[in-house]
J.: 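I have a structure I would like to understand better, so I am pasting it below and will then ask my questions one at a time.
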Amino acid sequence: MKLSLLSGQAGCRAQASHVFPTKLGSGPRLQWGLTRLAGTERSSRDREGLQGQGRGTARAVPTLSSAPSSAEMLRGKRVIVTGASSGIGEQMAYHLARMEAHLLLTARTEAKLQKVVERCLELGAASARYISGSMDSPSLPEQVLREAENTWGGLDMLILNHIGQSGFTFFSGDVGHVRKLMETNFVSYVALATAALPMLKESEGSIVVVSSIAGKVAGPFTAPYSATKFALDGFFSSLRQELIIEKVNVSITLCILGYINTESAVRAVSHVIPDTPAPKEECALEIIRAGFLRHRELHYPARTVSTMLLIHSISPELLNSIIRSSYRLENVQRT
Ligand SMILES: NC(=O)C1=CN([C@@H]2O[C@H](COP(=O)(O)OP(=O)(O)OC[C@H]3O[C@@H](n4cnc5c(N)ncnc54)[C@H](OP(=O)(O)O)[C@@H]3O)[C@@H](O)[C@H]2O)C=CC1
Ligand SMILES: C[C@H](CCC(=O)NCC(=O)O)[C@H]1CC[C@H]2[C@@H]3C(=O)C[C@@H]4C[C@H](O)CC[C@]4(C)[C@H]3CC[C@]12C
């Protein structure tokens, strides 16, 4: 392994040494809350349709039957993962490393990124490097994409996953927090995608946007966060249409996630939401798979998220009251 310093940001590169094949859906699926209404979970990869991109060009879009195994999905591909120092982003980095992808990881905490990069290299990444910084800084998105261009000369997949900190509590009236969260969770996604588009057009690549059921259905205690996730849907669903009209073969996958067992989510909500969260490792692999298959949306855990969306489309009031009554409201902290 060779360690190098890149103009103030530490970077790390190495040759791939070995591959650990990964497997989807082994072990029993955990169930939670609304899952009881939904029944047994089943992976959404069997259920989601492919989006329009890819039609009218010579490039083959992978289908479920022709899709390579997880180990081969992104071999040699150049992938950026934001928010990769912990949680789902960290797990995505490990899956991609096992697939022998080239990785550029971002987050604020350099020490954590260093460790994730080292682990990625051990797992077999074709190369792995990072850039640290906060995504509320307007210059970081372009800096990240410049690094990809200078290092790889192109890009195949952009996975937008980071989020700024926000609590799970009554809205405090702090408009400054909303503004900052919009900058981190929404505007930076737009800036990263905009800077990446020329390279993604060239490679006919993919944009993966990690969102939440809170970006489709607004429950209580997530007002600023929910707003940023709704904004992502509005922007990227509109952009997807424009790319199709322009016959630009860049796919956009919006990932609608339910409660996942990352440290930060469990810390934020376990005293209020008694349900068992879904596993972050499987969630990470489902996101990569959905991006690779160029799906327009991923619902994970599939049954829970799809059932919530179905009930919401029939009776939003009913869903809202189910959500409210499933929370331990007495444990919600007021700031
Ligand atoms: N876990 C869950 O239950 C759910 C998660 N999701 C979505 O999944 C994605 C990942 O969530 P999860 O893994 O739980 O989150 P984590 O809190 O575990 O990870 C967040 C990542 O973002 C980075 N980050 C935080 N603030 C900034 C910032 N200002 N600038 C740049 N990077 C930042 C963090 O690193 P650092 O602190 O070092 O900067 C970290 O790498 C998010 O988009 C989230 O909305 C959706 C639904 C449910
Ligand atoms: C638990 C939510 C799902 C819907 C629900 O309320 N179900 C009721 C029931 O189960 O009976 C979770 C879906 C989305 C989650 C939130 C999220 O998107 C990530 C945030 C990230 C942050 O780190 C703190 C936690 C989150 C606010 C998280 C909380 C749980 C959800 C609202």
Side-chain angles (χ1 to χ4, degrees), residues 9 30 32-34 80-95 105-117 130-141 143-144 158-168 177 179-189 191-192 208-219 221-222 224-233 236 253-270 272-273 275-284 286-288 290 297-301 304-305 308:
Q9 302 110 15
L30 302 171
W32 54 282
L34 276 150
I80 293 176
V81 184
T82 70
S85 67
S86 64
I88 299 163
E90 178 184 0
Q91 296 306 318
M92 285 194 278
Y94 298 152
H95 283 305
L105 310 179
T106 76
R108 290 170 309 173
T109 318
E110 189 163 359
K112 284 195 205 168
L113 283 171
Q114 251 160 11
K115 284 194 182 145
V116 176
V117 159
Y130 67 82
I131 292 185
S132 61
S134 178
M135 284 294 176
D136 59 11
S137 145
S139 59
L140 189 59
Q143 200 187 326
V144 171
L158 173 67
I159 304 184
L160 301 169
N161 166 76
H162 64 275
I163 42 166
Q165 209 181 344
S166 61
F168 190 69
H177 168 66
R179 194 169 284 127
K180 188 168 177 193
L181 208 62
M182 277 308 252
E183 201 61 51
T184 306
N185 292 9
F186 172 64
V187 179
S188 72
Y189 278 46
L192 283 156
V208 177
V209 179
V210 180
S211 186
S212 162
I213 187 70
K216 291 272 191 190
V217 174
F221 315 127
T222 54
Y225 171 82
S226 245
T228 67
K229 294 298 191 183
F230 270 80
L232 288 175
D233 194 349
F236 283 99
T253 301
L254 186 68
C255 303
I256 309 301
L257 308 183
Y259 185 20
I260 313 297
N261 69 356
T262 62
E263 242 181 83
S264 64
V266 171
R267 198 184 321 117
V269 303
S270 57
V272 179
I273 298 169
D275 305 291
T276 309
K280 62 186 176 192
E281 298 82 0
E282 185 184 62
C283 175
E286 290 271 358
I287 293 171
I288 294 166
E297 276 194 10
L298 166 73
H299 295 170
Y300 180 89
T304 308
V305 170
M308 284 181 74

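Counting convention: from 1, in listed order, for ligands and their atoms alike. Just so you know, these numbers come straight off a predicted model, no measurement behind them.
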J.: Do any nitrogen or oxygen atoms of His162 lie less than 3.5 angstrom from nitrogen or oxygen atoms of ligand 1?
T.: no

J.: Using 0.5 Å steps for rounding, measure from the CG atom of Leu160 to the OG1 atom of Thr253.
T.: 11.0 Å

J.: Within ligand 1, which atoms have a heavy atom of Gly164 less than 4.0 Å away?
T.: 26 (N)

J.: Ser86 heavy atoms, cut-off 4.0 Å: which ligand 1 atoms fall inside?
T.: 16 (P), 18 (O), 19 (O), 40 (C), 41 (O)

J.: Using a strict 4.0 Å cut-off to heavy atoms of Gly258, name the atoms of ligand 1 that fall inside it.
T.: 3 (O), 4 (C), 47 (C), 48 (C)

J.: Does ligand 1 come near enough to Met135 that some N or O of the ligand is less than 3.5 Å from an N or O of the residue?
T.: yes

J.: Side chain to side chain contact (heavy atoms under 4.5 Å, CB included) for Lys229 and Ile163? Distances and angles first, verdict last.
T.: CA-CA 10 Å; Lys229 294 298 191 183; Ile163 42 166; 3.6 Å; yes

J.: Specify the closest pair of heavy atoms between Val208 and Cys255, including all atoms of both residues, with the distance to one decimal.
T.: CG1-SG, 3.7 Å

J.: Could you give me the CA-CA distance, side-chain angles and deciding distance for Leu105 and Lys112, then say whether side chain to side chain contact (heavy atoms under 4.5 Å, CB included) is met?
T.: CA-CA 11 Å; Leu105 310 179; Lys112 284 195 205 168; over 6 Å; no

J.: What atoms of ligand 1 come closer than 4.0 angstrom to any heavy atom of Ala84?
T.: 41 (O)

J.: With His162, which of Thr82, Thr184, Asn185, Thr106 fulfils side-chain hydrogen bond (donor to acceptor under 3.5 Å, both in side chains)?
T.: Thr82

J.: Only heavy atoms of Ala265, strictly under 4.0 Å: list the atoms of ligand 1 that pass.
T.: 1 (N), 2 (C), 3 (O)

J.: Does Tyr225 offer a backbone N or O that forms a donor-acceptor pair with the side chain of Thr228 under 3.5 Å?
T.: yes

J.: Distance-only, no hydrogens or angles: does the Asn161 side chain make a donor-acceptor pair with backbone N or O of Gly83 under 3.5 Å?
T.: yes

J.: Checking the N or O distance criterion of under 3.5 Å, is ligand 1 in contact with Tyr259?
T.: no

J.: What do you reckon, does Arg108 have a nitrogen or oxygen under 3.5 Å from a nitrogen or oxygen of ligand 1?
T.: yes

J.: Check each of Pro301, Cys283, Ser211 against Leu257 using the side-chain contact (heavy atoms from CB on, under 4.5 Å) test, and report the only one that passes.
T.: Cys283

J.: Which atoms of ligand 1 are found less than 4.0 Å from any heavy atom of Thr184?
T.: 28 (C), 29 (N)

J.: Looking only at N/O atoms, are Asn161 and ligand 1 under 3.5 Å apart anywhere?
T.: yes

J.: At what distance, to the nearest 0.5 angstrom, does CG of Asp275 lie from OH of Tyr259?
T.: 8.0 Å

J.: When you look for heavy atoms under 4.0 Å from ligand 1, do you find them on the side chain of Ser264, its backbone, both, or neither?
T.: side chain

J.: Would you please determine whether Val210 falls within less than 4.0 Å of ligand 1 on a heavy-atom basis?
T.: yes

J.: Give a yes/no verdict on whether any heavy atom in Ala214 is under 4.0 Å from an atom of ligand 1.
T.: no

J.: Glu281 vs Tyr94, test: side chain to side chain contact (heavy atoms under 4.5 Å, CB included). Steps then yes/no.
T.: CA-CA 9 Å; Glu281 298 82 0; Tyr94 298 152; over 6 Å; no

J.: Ser211 heavy atoms, cut-off 4.0 Å: which ligand 1 atoms fall inside?
T.: 46 (C)

J.: Backbone or side chain, does any N or O of Ile163 fall under 3.5 Å from an N or O of ligand 1?
T.: yes

J.: Look up atom CG in Leu113 and atom OG in Ser86, then write down how far apart they are to the nearest 0.5 Å.
T.: 9.5 Å

J.: What atoms of ligand 1 come closer than 4.0 angstrom to any heavy atom of Thr262?
T.: 1 (N), 12 (P), 13 (O), 14 (O)

J.: Using heavy atoms and a 4.0 Å limit, tell me yes or no: is Lys280 in contact with ligand 1?
T.: no

J.: Is the contact between Lys229 and ligand 1 made by the side chain, the backbone, both, or neither, using heavy atoms and a 4.0 Å cut-off?
T.: side chain

J.: Would you check if the side chain of Lys280 reaches a backbone N or O of Met92 as a donor-acceptor pair within less than 3.5 Å?
T.: no

J.: For atom 47 (C) of ligand 1, which of the options Asn261, Asn185, Leu257 provides the nearest non-hydrogen atom?
T.: Leu257

J.: Going by the side-chain contact (heavy atoms from CB on, under 4.5 Å) test, name the single residue among Ile159, Ile287, Ile288 that passes it with Val81.
T.: Ile159

J.: Looking only at distances, can you tell me whether any N or O atom of Asp136, backbone or side chain, sits closer than 3.5 Å to an N or O atom of ligand 1?
T.: no

